[in-house]
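The structure under discussion is supplied below as structure tokens; questions concerning it will follow.
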Amino acid sequence: MEASKKEPLVITDKEQMRKWSRAMRSQGKSISLVPTMGYLHQGHISLVREALKLTNLTVVSIYVNPGQFAPSEDLSTYPSDFHGDISKLMSVPGGVDVVFHPPNLYDYENDMKRNKNDQGVSQEFRGPVFFRGVATVVTKLFNIVEPDVAVFGKKDYQQWRIVQRMVRDLDFSIRIIGAEILRDNDGLAMSSRNVHLSAEERGKALSISRSLLGVKSAAENGHINCRELRDSVIQAVSEAGGRIDYAEIVDQESLQAVEEINSPVVFCIAAWFGKVRLIDNIEINL
């Protein structure tokens, strides 16, 4: 079989996944993990390409984590195409070694109840329940796959930083890589949810990336008042028909909101267009 068409081993059982990783590591192999929720697009593939450069072996997890959905989002409408995902992964030069596709990582009744009740993790603007869900599922994946490196997209900036902090605080021996946002030609950040946008909604959603670029340009030209910059984006997205979920300018490391830009910041936004919730961000390094 040619190298570019390597078919990954599909593992669904947690113990089998752990045994595979330990067997490979006992042979001196290094392992990278790319966590995904499936319905892969070129943004995900860019993460896989990054992972392939870093270690001997690559694992892609496909698991729709119920802890990562907003209360008004329907988990059942999240798109999936497992066979399509496998063929996309097989088209990557070098290919991936394992697709970890567990049916369920939770003892739902106990785990999910505990997640929803625990308000002690991450009080940032996305909210503690979301990040408790992220931290829990990522910890589970790390403990099962036992990777040396994990690659996350910077599109979900908060998630990437939260995972970085968790790995540091809990002394996981895993290197966390943040890969740059991949955009379609029109500037819209690639997302599995984009498939649900109508042509009209998609056109209106471009107000997000355009207004973020406008903020970066304004900041580079000396406009560093965060309230004014936030208001300009909120106005642009709202006028285009979007409903703002959050729009914040925060310190890149701490994720704490800032009033003026005088250190590296990131503008993070989430907005609804129709029934689709989109997230995006832009780093501003003055």
Side-chain angles (χ1 to χ4, degrees), residues 1-25 27 29-66 68 75 77-105 134 137-138 140-156 159-160 163 174-185 188-196 279:
M1 188 176 284
E2 58 184 292
S4 63
K5 294 293 181 187
K6 179 167 75 178
E7 186 164 354
L9 173 66
V10 176
I11 297 178
T12 58
D13 179 72
K14 292 189 272 191
E15 282 307 315
Q16 189 187 347
M17 182 70 251
R18 192 178 282 120
K19 280 179 184 168
W20 180 89
S21 289
R22 290 182 177 178
M24 294 302 111
R25 293 183 78 169
Q27 296 170 26
K29 309 274 190 181
S30 58
I31 299 169
S32 56
L33 169 67
V34 181
T36 81
M37 294 206 298
Y39 208 71
L40 304 181
H41 51 68
Q42 287 306 308
H44 295 113
I45 299 305
S46 73
L47 305 184
V48 173
R49 289 179 189 275
E50 186 68 26
L52 287 166
K53 295 181 210 164
L54 300 169
T55 56
N56 307 123
L57 302 168
T58 301
V59 177
V60 173
S61 64
I62 295 179
Y63 178 68
V64 180
N65 176 26
Q68 275 174 256
L75 178 68
T77 65
Y78 192 82
S80 70
D81 177 13
F82 186 70
H83 295 296
D85 290 344
I86 295 293
S87 75
K88 283 175 188 165
L89 293 171
M90 286 174 65
S91 73
V92 180
V96 305
D97 299 279
V98 170
V99 170
F100 179 46
H101 185 46
N104 179 13
L105 284 179
V134 169
V137 81
V138 170
K140 283 174 177 280
L141 288 170
F142 286 174
N143 284 333
I144 294 163
V145 179
E146 298 183 344
D148 300 279
V149 176
V151 183
F152 290 82
K154 283 190 184 179
K155 183 165 79 82
D156 200 328
Q159 172 178 285
W160 168 54
V163 170
I174 301 172
R175 185 172 155 219
I176 304 299
I177 302 296
E180 298 301 325
I181 297 173
L182 215 62
R183 299 181 180 277
D184 283 320
N185 292 334
L188 191 68
M190 289 187 179
S191 169
S192 302
R193 292 175 168 91
N194 291 353
V195 69
H196 291 312
I279 62 171

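Keep in mind it's a predicted model, so treat the numbers as computed, not measured. Start at 1 with the first residue, then count along the sequence.
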Would a 4.5 Å heavy-atom cut-off, applied to side chains only, mark Asp148 and Leu54 as touching?
no

Provide the closest heavy-atom pair for Tyr63 versus Asn104 in the form atom of the first, atom of the second, distance.
OH-OD1, 3.8 Å

Side chain to side chain, His44 and Leu89, heavy atoms closer than 4.5 Å
no

Taking the side chain as everything from C-beta on, heavy atoms only, tell me whether Tyr78 gets closer than 4.5 Å to Arg193.
yes

All heavy atoms of Asp97 vs all of Leu57, minimum pair found to be OD2-CA, 3.2 Å

Only distances under 3.5 Å count here; give the side-chain donor-acceptor pairs of residues 34-41 to other protein atoms, sequence neighbours excluded, each with its distance to 0.1 Å.
from  : atom 1 : to    : atom 2 : distance (Å)
Thr36 : OG1    : Gly38 : N      : 3.1
Thr36 : OG1    : Ser61 : O      : 2.8
His41 : ND1    : Gly43 : N      : 2.9

Atom of Ala189, atom of Arg183 and distance for their closest heavy-atom approach:
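Of all heavy-atom pairs spanning Ala189 and Arg183, the closest is N-NH1, 3.7 Å.
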
Closest heavy-atom pair and its distance - Arg49, Pro93
NH1-CD, 3.6 Å

State, to 0.1 Å, how close Ile174 and Ala150 come at their nearest heavy-atom pair, and which atoms those are.
CG2-N, 3.9 Å

For Met24, run the side chain to side chain contact (heavy atoms under 4.5 Å, CB included) check against Ile31, Val59, Val98, Asn56 and tell me which one passes.
Ile31

Checking Thr55 side chain against Ser32 main chain: does a donor-acceptor pair fall under 3.5 Å?
yes

Any non-hydrogen side-chain atom of Asp85 less than 4.5 Å from a side-chain atom of Val60?
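No, their side chains stay 4.5 Å or more apart.
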
For Arg175, does the CZ atom have more than 12 heavy-atom neighbours from other residues, nucleotides or ligands under 6.0 Å away?
no

Check the angle between the aromatic planes of His101 and Phe82 and answer parallel, tilted or perpendicular using the 30° and 60° thresholds.
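Because their plane-to-plane angle is under 30°, the rings of His101 and Phe82 count as parallel.
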
Among Arg25, Arg18, Lys19, which residue satisfies the side chain to side chain contact (heavy atoms under 4.5 Å, CB included) criterion with Arg22?
Arg18

So does Val96 get a backbone contact from the side chain of Thr58, meaning a donor-acceptor N/O pair under 3.5 Å?
no

To check you understand the geometry: which heavy-atom pair defines the closest contact between Ile181 and Lys154, and what is its length?
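Distance-wise, the nearest heavy atoms are CG1-C, 4.0 Å.
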
